[in-house]
Q: 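The structure follows.
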Protein chains: 2
Amino acid sequence: MALIVHKYGGTSMGSTDRIKNVATRVAKWHDAGHKIVVVPSAMSGETNRLIGLAKEIMAQPDPRELDMIASTGEQVSVGLLAMALLAIGKDAVSYTGWQVGIRTDSAFTKARIQSIDDTRVRADLDAGKIVIITGFQGVDEQGNISTLGRGGSDTSAVAIAAALKADECLIFTDVDGVYTTDPRVVDEARRLEKITFEEMLELASLGSKVLQTRSVEFAGNYQMPTRVLSSLTDPHMPLEEEANSGTLISFEEETNMEQAVISGIAFTRDEAKITVIGVPDKPGVAYHILGPVSDANIEVDMIIQNQSVDGKTDFTFTVSRNDYQRAMAVLEAQREELGYIRIVGDAKVSKVSAVGVGMRSHVGVASQMFRTLAEEGINIMMISTSEIKISVLIDEKYMELAVRALHKAFDLEKA
Amino acid sequence: MALIVHKYGGTSMGSTDRIKNVATRVAKWHDAGHKIVVVPSAMSGETNRLIGLAKEIMAQPDPRELDMIASTGEQVSVGLLAMALLAIGKDAVSYTGWQVGIRTDSAFTKARIQSIDDTRVRADLDAGKIVIITGFQGVDEQGNISTLGRGGSDTSAVAIAAALKADECLIFTDVDGVYTTDPRVVDEARRLEKITFEEMLELASLGSKVLQTRSVEFAGNYQMPTRVLSSLTDPHMPLEEEANSGTLISFEEETNMEQAVISGIAFTRDEAKITVIGVPDKPGVAYHILGPVSDANIEVDMIIQNQSVDGKTDFTFTVSRNDYQRAMAVLEAQREELGYIRIVGDAKVSKVSAVGVGMRSHVGVASQMFRTLAEEGINIMMISTSEIKISVLIDEKYMELAVRALHKAFDLEKA
């Protein structure tokens, strides 16, 4: 008998029939003797509908009032799921974030969880109830409703699991786990049974949609075993089978021992590259170039500053393709202040990354990656590395080719 | 400078454009120097949508969970209205019932307000803010969300006005006040500038849709001057004119002094009459007949027990026409226990009522009413009276004729 937190995404909660399916699955786990807490997202489309209403009234919605509105989607979900469980004879009760003391800071629309009071939930679990808690939201010290930002229900689920010292947090979603790379690009892509927390964190920040970065951070901080698995399977599937499906984000040391050098190949297609040519090379150049870009709320990813020649240097960075035109305009406007010769840009570039904790103990991963790409005739524009990740920027037309070649070169199709 | 509570119904809040109109109107009152609290309903259709979802999952929705869901409609409304005010440069803040301590009992879906903590609202009003509070809902002692039942936002508005000792509560709705009778039936129907609390209470319980009965009771208990007025007028109309429009439910004694004998003619079309013939006249006969009807959740209105003849009596009562077939079936099933001879029913009857506090001090109102109906050849089937009301049951085909004749007989077209 274990204490387990289930999280279900918006697609899983997308209709009353699907909510009944979720109830069937949850009841199966409860019937097996486990204490179950469920954190459902809003019904798919609902959060967008609510934000759309807000934007019709205020182009830049007031953050506190937006949270007041956006938090209602999850409130409807928990009530409906509680009813679906009651309807099949299970004792269930729903709570909002404020009702179970999910305290956050006051950074509305992107609040961070500070503490959770587990008293009420524990009492209900001890009484045999299934407890359903709104994801995505909490309450600040002044009693204002706050939300955690998009994908925040993942974070809520892991945080609630940590507060309750749950045995495992199950993130039910519309994919059946974490893959060595996107199966739509590489046929041989393979589901990973386990992945380390650090690898998952890199994959999340590299654009994998499987889990929100902050939820992975939470799992890491609290060493909460977290499993990503499918909610599209038959809800009556045997529990033992389901309990071992998907991908487990693991904190056990032996996991690392048998770890392959590389766990997966990640990529983001829609990148853009901007180079500021002939900018005077003096202290603060990076700040003077990137400050205005950041002020325009544009996130910068890879950054390179060339070796200085004759007191001038070239400065290159990447942004999301959506922000390319805006970033160019910001820099054009700063021409005088920055004193550069010209700006050149390329909005048809992609980023490919190899991720794996095995890199720490294996030399030569970078050189194998560069050799593989060279053999395919793919030019590398930029490189960035971390302890367990190497990313390269390449022409977007070679992206699929690069991913397939690297997947094969690192033997990722083999278990 | 006064403290005024505005309440806006679902139609007034029915779209983002209409919400902007509400904001314009509210801002006008605030600009005039008043402290303003606004209680908006859910956007029209939203509460029905939410209850519909619940019923798809559970035919008889769990009341606590239904309130969790149904309360979100108003939460969205307050956030949107706050934004609409912020967007036009007014300082505004929204709160849910629990955030401003609207404490209710735990009778989910039909909870009653017990207390309101005005601390937070007063502080905001003193700081010049417009305060927007969800109608329809509160929180019980255990922190569960409760709702007040259909039309509960009227009650919330009056209760909040009472707690804040407001100068007036304005109920903005899609009619422009209380009329001497339904203008769709009588062309000469006239809007009443003032009406006494007792008259309004009778009209509400006689089926007038203008105000929920409980909100009128609240207004009475706290002597809260409450005005019903239109939200369909130009929001820029001069404030002085708007402040005197609609109908004021008044508690001033002089109002009664200049009161006409009768203030209005109310009617309900869809009544049905059931007579149990030849039931043994012994103690408890009314209880034995009406007990099973009440157990079937059927509300009984008028009741008559005939003079007993030879130890047998006839017992007649009215129900809403919707409940007619069910009530007949309940009594058929009780034939043996009740020992009656037969049941007869008539589902084509209507009720017409004359209401007015002037009745107290004027004799002969009943006889004038009966004479007027007799002159039109209308037979009276049943009569019931209260201190300020006389109701008669008549054949439904004479209903409009009766209303017009009485409206004229009591000079209601004259101011």
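Numbers restart at 1 for each chain; the letters A, B, ... are given by sequence-line order, proteins then strands.
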Q: Do you know which of B/V93, B/L85, B/L80 makes side-chain contact (heavy atoms from CB on, under 4.5 Å) with A/E65?
A: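 It is B/V93; the other options fail the test.
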Q: Count the heavy atoms of every other residue, nucleotide or ligand shown that sit under 6.0 Å from CD of A/E299, and state whether that count exceeds 12.
A: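 No, CD of A/E299 has 12 or fewer neighbouring heavy atoms, counting only those of other groups under 6.0 Å.
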Q: Is any side-chain heavy atom of A/L86 closer than 4.5 Å to a side-chain heavy atom of B/M58?
A: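 The answer is yes; the side chains approach within 4.5 Å.
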Q: Which heavy atom in A/I57 sits nearest to a heavy atom in B/A87, and how many Å separate them?
A: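 Closest approach of A/I57 to B/A87: O-CB, 3.9 Å.
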Q: How about B/E56 and A/I19: do any of their side-chain heavy atoms sit closer than 4.5 Å?
A: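 Counting from C-beta outward, B/E56 and A/I19 never come under 4.5 Å.
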Q: Using a 4.5 Å cut-off on heavy atoms from C-beta on, say whether the side chain of B/M68 contacts that of A/V76.
A: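 In short, these two side chains do not touch, never coming nearer than 4.5 Å.
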Q: Is the number of heavy atoms from other residues, nucleotides or ligands within 6.0 Å of CG (A/N297) greater than 12?
A: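 No, because the 6.0 Å sphere around CG of A/N297 holds 12 heavy atoms or fewer from other groups.
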Q: Tell me, side chain or backbone of B/L50 under 4.5 Å from chain A's heavy atoms, or both, or neither?
A: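 Contact with chain A is through the side chain of B/L50 alone.
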Q: What pairs of residues pass the salt bridge (Lys or Arg N to Asp or Glu O under 4.0 Å) test when at least one of them lies in residues 96-117 of chain B, not counting sequence neighbours?
A: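 Non-adjacent pairs meeting salt bridge (Lys or Arg N to Asp or Glu O under 4.0 Å): zero.
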Q: Determine the minimum heavy-atom distance between A/M83 and B/L66, stating which atoms define it.
A: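 Smallest heavy-atom distance, with atoms named: CE-N, 3.2 Å.
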Q: Heavy-atom cut-off 4.5 Å, strictly under: side chain, backbone, both or neither for B/S15 against chain A?
A: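 Neither part.
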Q: Are A/R49 and B/E46 close enough, and set up right, to give a salt bridge (Lys or Arg N to Asp or Glu O under 4.0 Å), and what steps lead you there?
A: CA-CA 13 Å; A/R49 183 183 75 86; B/E46 182 61 8; 3.5 Å; yes
Q: Using a 4.5 angstrom heavy-atom cutoff, name the option from B/S94, B/A70, B/A92, B/G79 with the most pairs to chain A.
A: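 So the answer, after comparing B/S94, B/A70, B/A92, B/G79, is B/S94.
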Q: Going by residue number, which parts of residues 118-146 of chain A are within reach of chain B, meaning a heavy-atom gap below 4.5 Å?
A: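 Counting heavy atoms that sit under 4.5 Å from chain B, the residues of residues 118-146 of chain A involved are A/R120, A/V139, A/Q142, A/G143, A/N144, A/I145.
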Q: Side chain from CB out, backbone as N, CA, C, O: work out which of these in B/Q99 comes under 4.5 Å of a heavy atom of chain A, or both, or neither.
A: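 It is the side chain, since no backbone atom gets that close.
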